[in-house]
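Note that the structure is predicted; figures quoted are calculated from it, not measured. A, B, ... follow the sequence lines: proteins, then strands. Residue 1 opens every chain. Excluded from the calculations below are hydrogen atoms, water molecules and symmetry mates; all remaining heavy atoms, backbone and side chain alike, are included.
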2 protein chains.
Amino acid sequence: MLKEKASIIPHECGDCPIRHRAVCARCESDELEVLDQIKYYRSYESGQTLIWSGDPMDFVGSVVSGIATLTQTMEDGRTQMVGLLLPSDFVGRPGRNSAAYDVVAVTDMVMCCFRKKPFEEMMARTPHIAQRLLEMTLDELDAAREWMLVLGRKTAREKIASLMAIIARRDATLNMNGTRGPLVFDLPLTREAMADYLGLTLETVSRQVSALKKDGVIELEGKRRVTVPDFNRLLEEAGDDSDGGMLI
Amino acid sequence: MLKEKASIIPHECGDCPIRHRAVCARCESDELEVLDQIKYYRSYESGQTLIWSGDPMDFVGSVVSGIATLTQTMEDGRTQMVGLLLPSDFVGRPGRNSAAYDVVAVTDMVMCCFRKKPFEEMMARTPHIAQRLLEMTLDELDAAREWMLVLGRKTAREKIASLMAIIARRDATLNMNGTRGPLVFDLPLTREAMADYLGLTLETVSRQVSALKKDGVIELEGKRRVTVPDFNRLLEEAGDDSDGGMLI
DNA sequence: GACCCGCATTGATTTAAATCAACCAACCCT
DNA sequence: AGGGTTGGTTGATTTAAATCAATGCGGGTC
């Protein structure tokens, strides 16, 4: 559990790994220089809660590396994940002062942060940032609506298959894996986190993962490493149009 | 079913009923004049499908009056509503060419439309529009995430109570009804549409509406007119923090 | 008035997933 | 090497909601 912090952290926007996908993607080099001035990095450990729902939020930022979840919790403890934050995803809402959801790191992670006030001022002066943020927000809205179909209408088996398909697809785009051949990826989530994502119990998740494995839809190496021999088969199991709308 | 069309349709942005809430809310009068030039009105009848998922979208627009639903459908017919469009809500996504969801009118309605291309050009030149659209999209994203909790973790009874609470709240803000006293509103949706919203069957919806009525949480006049004697009681039934975060 | 028709309700039965309950296997400590 | 902890699996039973099936009701129309 030893941390070596600042060493691995990039300091120049120029060689930032999320440069072309994050909220700054559209910025010109002069705009980037300004951002460079006001940004700072923070790192978090796996399991750490970055932000508590209801707390005042004095910064916004981008996930540079690692994964976090956005969750809502009811008084009696029932929890629902409402977002999965991967590298380049944006955290926080300009124009709002308190956090609406818990943000929890599921792996060690690094964030590129901006104090909210200067960022908002910069946003007002820099249409490129607002444009990109709008685009990202619209994408997130689409993802949320896709997820509403999963939560509202799919069976447990279809839910698991849908989650696998989503993670496989994200992994493929992130790592620029070519399209053909069996897909291999690591599940970033525990069974419990998967259950919170899908509106299931962890027992049901475990059973359905086993069932998909028994039926040859997926292969498992350990608990986390998944191989998908036939992506279209997985999409069928997910109840999706299996037109194979692969990548982007 | 007789229609008298253009007569009731406003023609000047100045006296538009959604002027202060729609995508044009932040526009100055000179910007409004430009919009005035490129806008046009369309009206639709109850039950009509405005837009089919997958179809090319050559316009965007705002709901002026009436209500529409955004729905997703699986091949086998299971459907999930993913949005409820009320007056001032925006339809369509700049930067995308084909529709992602079906849009269906549930009442007669009037839309204020813009051809997509000119609107996109205008948006690039007019930060006020992009700013407002970002704000509206962030609000929709919050609503979608709220809904994910409802779909994923709430019981049938809580789902119905949540829906009633949402409609009551929206109705109150729209009609500027003062806060205290019993709330009265009309359900804009059939039992089947409510079921599609909530990820339930229409039978379960009917049973739970009856149960809430029997328990005095709501009162019914006919099938559609609802009275809520105690809003906090309703929020408790919805499983929400009953801090009574009323209005806005 | 008699007949539909679309919506809604209510009842009986089935079923998918939750719940309750053991048990397993890595991994980590000192 | 032993004991604890965390995450995962598997089995037995219960339960909430789906499904299957009548029946009710208000508003049109012929």
Find the distance [X]:[atom1] to [N]:[atom2] and express it as a whole number of Å.
{"X": "L198(A)", "N": "dA18(C)", "atom1": "CG", "atom2": "P", "result": "10 Å"}
{"X": "R153(B)", "N": "dA16(D)", "atom1": "CZ", "atom2": "P", "result": "16 Å"}
{"X": "R225(B)", "N": "dC7(C)", "atom1": "CZ", "atom2": "P", "result": "20 Å"}
{"X": "I160(B)", "N": "dA17(D)", "atom1": "CD1", "atom2": "C1'", "result": "12 Å"}
{"X": "M194(B)", "N": "dA8(C)", "atom1": "CE", "atom2": "C1'", "result": "12 Å"}
{"X": "L200(B)", "N": "dA8(C)", "atom1": "CG", "atom2": "P", "result": "15 Å"}

Rounded to the nearest 0.5 angstrom, the OG-CG distance for S162(A) and L198(A) is 8.0 Å

For R78(A), is there an ion pair with E158(B) - N to carboxylate O distance below 4.0 angstrom?
yes

- Carboxylate-amine/guanidinium proximity below 4.0 Å for R157(B) and E237(B): yes

Min side-chain heavy-atom separation M164(A)-F185(A) under 4.5 Å: yes

Picking from dA17(D), dA18(C), dT19(D), the nucleotide nearest the side-chain atoms of T201(A) would be dA18(C)

Report task. Select base, sugar-phosphate, or nothing to describe what G199(A) touches, counting heavy atoms under 4.0 Å on all strands. Result -> sugar-phosphate

The contact string for nucleotides 8-15 of chain D, one letter per nucleotide 5' to 3', using protein heavy atoms under 4.0 Å with B, S and - for base, sugar-phosphate only and none, comes out as SBBBB---

The complete set of salt bridge (charged side-chain N to carboxylate O under 4.0 Å, His left out) pairs with one or both residues in residues 181-206 of chain B, sequence neighbours excluded, reads R153(A)-D196(B), D186(B)-R225(B)

Note: L85(B) and V63(B) closest approach over all heavy atoms is CB-CG2, 4.1 Å

